[in-house]
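Read through the structure below, which is laid out as structure tokens, and then see the notes.
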Amino acid sequence: MNIKSNAVLLYQAQDLKSWRESLSCKDARPLIGFVPTMGFLHEGHLSLIKEAKRHAQYVIVSIFVNPSQFNDASDFEHYPRNEEQDIYLASQAGADAIFLPSVEVIYPHGAQTWVNVGALGDTLCGASRPGHFQGVCTVVTALFNLVGCQVAVFGEKDYQQLAIIRRMTQDLHLPVKIIGLATFREANGLAMSSRNARLSPQARQEASGIYSALQEAQNLWRQGQTSLLYLEQRIKEALPTCATIDYLSFCEPHSLQLLERLEQAHDPSQPVLIAIACFVEKVRLIDNLILAPLTSNSQK
Ligand code: PAF
């Protein structure tokens, strides 16, 4: 396949520098918007690129399967890849440049510095994938510095990742505005993920039940059911049989601290994040949903 791309392809730090220097200012928006990805692009990524286009004059997309954020070698190995198609799709979605670094470009020989997160990384995926967020934060910091963006767009499917990147950007005074975009879903409700491509057609259909189970809990909450223990039970019952739970957690949406006392009625004026990770055909899928605070009008 030889697909033509309108976007400039960049491989080295020096290429990025030359590209930045070639840009001329067109309007008052920030010059560079950035969408970091691990490739195998889908509609969700394309929506991030389109969003970045709204916020910046030029958009650059990176495609880099970051080895340091995988704590499972086989997961890294099986992560889907299709560079040629990614270049075409990113370019079609409006990317002006695509950065395709090698491992050596991101982690130069002898690199030994890591960006570590605090308590935000202790729960959910941070607990079940030790080292994952250290890898994410390190690569995102390196990419921000290499790319020189003023705006970066991330998806809310990776809720914890987005919260951590916002915190890291603030804590380290990184001059980048972080924008979060709502989860893009397949027609059946399954959260879009590059990993979905590894599911059989049947499992891909059945896995839509993960989101339906979360929605069922949301409906019960809206009807006034504030026992999180009950909601947890209902989600477990509603999950498709193909899904094996890695975690199903109820958290405070800002601190990501786990709500421990699920048996007690939850204060309906306080929002709750429900986050789930499960395995379907050995593929790890995540999703989340926020139970918005209930007002007397919303309980109808
Ligand atoms: O969300 C992802 O695809 C990755 O974690 C990211 C942000 C590109 C870092 O490798």
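Read the numbers this way: they start at 1 and go in the same order the structure lists the ligands and their atoms. This structure is a prediction, so every number in the text was calculated from the model and none was measured.
- In this structure the side chain of Gln270 never reaches within 4.5 angstrom of the side chain of Leu259, judged on heavy atoms.
- Relative orientation of the His266 and Trp221 rings is tilted, given thresholds of 30° and 60° on the angle between their planes.
- Between Phe250 and Leu262 there is a side-chain heavy-atom pair separated by less than 4.5 Å.
- Note: no N/O pair closer than 3.5 Å links Asp158 and ligand 1 by distance alone.
- Shown in contact with Pro36 at under 4.0 Å from a heavy atom are these atoms of ligand 1, numbered in order with element: 8 (C).
- Taking a cut-off of under 4.0 Å to the non-hydrogen atoms of Val139, the atoms of ligand 1 that pass are 9 (C), 10 (O).
- Note: Tyr107 and Phe64 have tilted aromatic rings, judged against thresholds of 30 and 60 degrees for the angle between ring planes.
- A donor-acceptor pair is defined here as one N or O able to donate and one able to accept, closer than 3.5 Å; no such pair exists between the side chain of Gln69 and the backbone of His132.
- From the protein, the heavy atom lying nearest to atom 1 (O) of ligand 1 is Gln161 NE2, 2.9 Å.
- Put simply, the side chain of Arg166 gets close to the backbone of Ile178: a donor and an acceptor are under 3.5 Å apart.
- When only non-hydrogen protein atoms are considered, atom 3 (O) of ligand 1 lies nearest to Met38 CG, 3.6 Å.
- Checked by distance only, ligand 1 and Gln69 come closer than 3.5 Å through their nitrogen or oxygen atoms.
- At a 4.0 Å heavy-atom cut-off, ligand 1 does not touch Ile165 at all.
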